[in-house]
*Asks:* 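Sharing a structure here in C-alpha cells format.
Every number for a ligand or one of its atoms is a count from 1 in the order of the listing. Predicted model, so just to flag it, every value in this text is computed and none were measured. Start at 1 with the first residue, then count along the sequence.
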Amino acid sequence: MTPISYVIAGSEATGGAGIQADLRTFQQLGTYGVGTITCIVSFDPAAGWGHRFVPIAAPVIADQIEAATAAHEPEVVKIGMLGTPETIATVAEQLRARTWRHVVVDPVLICKGQEPGAALDTDNALRTEILPLATVVTPNLFEACTLAGMDSIESVEDLTEAAIRIADLGPAVVVVKGGVGLGGDEAIDVVFDGTDTTILRAPKVGEERVSGAGCVFAASTTAELAKGADVVDAVQTAKQFTHSGIVGRLASNAPFDAVLPR
Ligand code: PXL
C-alpha cells in the first residue's frame, strides 16, 4: 500500500516553502501527499518581498481535515505554519480527535506580516496546545531559543540544553537545528529522545539561509516515518535529503534561493 504523508500547513505563494515544499518532498520520497491549508503567505515583490498573511477560516480548516482523514486515515502528520491562536485551537482539537503514530511539528513561530502582540499569542498557543501533542519537533535556532527560554545558542552543548528544555514541553523527540546560524563549517543538529542524544552533521552549503529548508526537513522526516522508519533513521535521511536539496537549490527573481531536492 502506498504510504500517506499528511501535512497541515500554510501555502507560500512563490512555491519554495510551506505546503508546496512539503507536497513536493512527500512525492519525491515515494509517498502520497495530502495537504490541508491553514493560511496563505504571499510575499510582496513591490514591497521588499515582505510577508502578506491571510488566515483560512477555522471551519474551513476543520472541513479540510475532515475530508482528508475520512478519505485516507493517515497515521503520520506534519504540522507546519498555523499562524493564529484560533487556527491552533482548531488544529489541536482535530489532532486530539484521532490517533496518530507520529505528529511532526515544525514550530514556525512568527510571520513578519503579523503585529508582535498577535505573534506572541500565537507562540504561546503553539507552546501550550500543539507541542504536547508532538512526537517530533524540529525548531531552528531562533525557535529553539524562544521555546527553551534561552538568550542564545552558540555551541553543541547549547543545542543539547535547548533540546532537553523543549522536551519538557511534551514532545517525545526534539531535533534542534543549528543551520547556518551556528559557527563552524558544518550544519549541526542535535536529536534528543528523552534519554539519548544523537548529533547530525553535514557540511554547510554557503552561509545564506535557503527558503524551505525547515519545511523540507520536517516533511522528509514525516515521509520516512510514514514509510515505517524509526525516528532517528527518519531524521538522518531527512538531513541528507535536505542537504542535497540545498546543494541543488533553485534561484528565482525573489531575493532568496529555494531548496530543490532531486
Ligand atoms: O519556512 C517557513 C514557512 C513555513 N510556511 C509558510 C511560510 C514560511 C516562510 O515564509 O510562508 C507558509
*Asks:* How close does the nearest protein non-hydrogen atom get to atom 8 (C) of ligand 1, and which residue and atom is it?
*Replies:* Ala17 CB, 4.1 Å
*Asks:* If you count the atoms of ligand 1 from 1 in the order shown, which ones are under 4.0 Å from a heavy atom of His51?
*Replies:* 10 (O)
*Asks:* Using every non-hydrogen atom in the two residues, find where Thr31 and Ala223 come nearest and quote the distance to one decimal.
*Replies:* CG2-O, 3.8 Å
*Asks:* Should the ring pair Phe43 and His51 be called parallel, tilted or perpendicular, given that the plane angle runs from 0 to 90° and is split at 30 and 60?
*Replies:* perpendicular
*Asks:* Check ligand 1 against Gly10 and write out every atom of the ligand that is under 4.0 Å from a heavy-atom position of the residue.
*Replies:* 12 (C)
*Asks:* May I ask you to list the atoms of ligand 1 that are less than 4.0 angstrom from any heavy atom of Met81?
*Replies:* 5 (N), 6 (C), 12 (C)
*Asks:* Look at ligand 1 and say whether Gly80 reaches it with a heavy atom at a distance under 4.0 Å.
*Replies:* no
*Asks:* Could you see if Val174 belongs to whatever hydrophobic cluster contains Ile153? Use Ile, Leu, Val, Met, Phe, Trp, Tyr and a side-chain cutoff under 4.5 Å.
*Replies:* yes
*Asks:* Return the option from Gly16, Cys215, Ala13 holding the heavy atom at the smallest distance from atom 4 (C) of ligand 1.
*Replies:* Cys215
*Asks:* Among all protein non-hydrogen atoms, which one is nearest to atom 10 (O) of ligand 1, and what is the separation to 0.1 Å?
*Replies:* Phe43 CZ, 3.4 Å
*Asks:* Could you tell me which non-hydrogen atom of Ile188 sits nearest to which non-hydrogen atom of Leu159, and how far apart they are?
*Replies:* O-CD1, 3.8 Å
*Asks:* Starting from atom 11 (O) of ligand 1, find the nearest protein heavy-atom neighbour and note its residue, name and distance.
*Replies:* Glu12 CG, 3.3 Å
*Asks:* Inspect the surroundings of CZ in Arg209 and state if more than 12 heavy atoms from other residues, nucleotides or ligands are less than 6.0 Å away.
*Replies:* no
*Asks:* Is the CD atom of Gln28 crowded by more than 12 outside heavy atoms at less than 6.0 Å?
*Replies:* yes
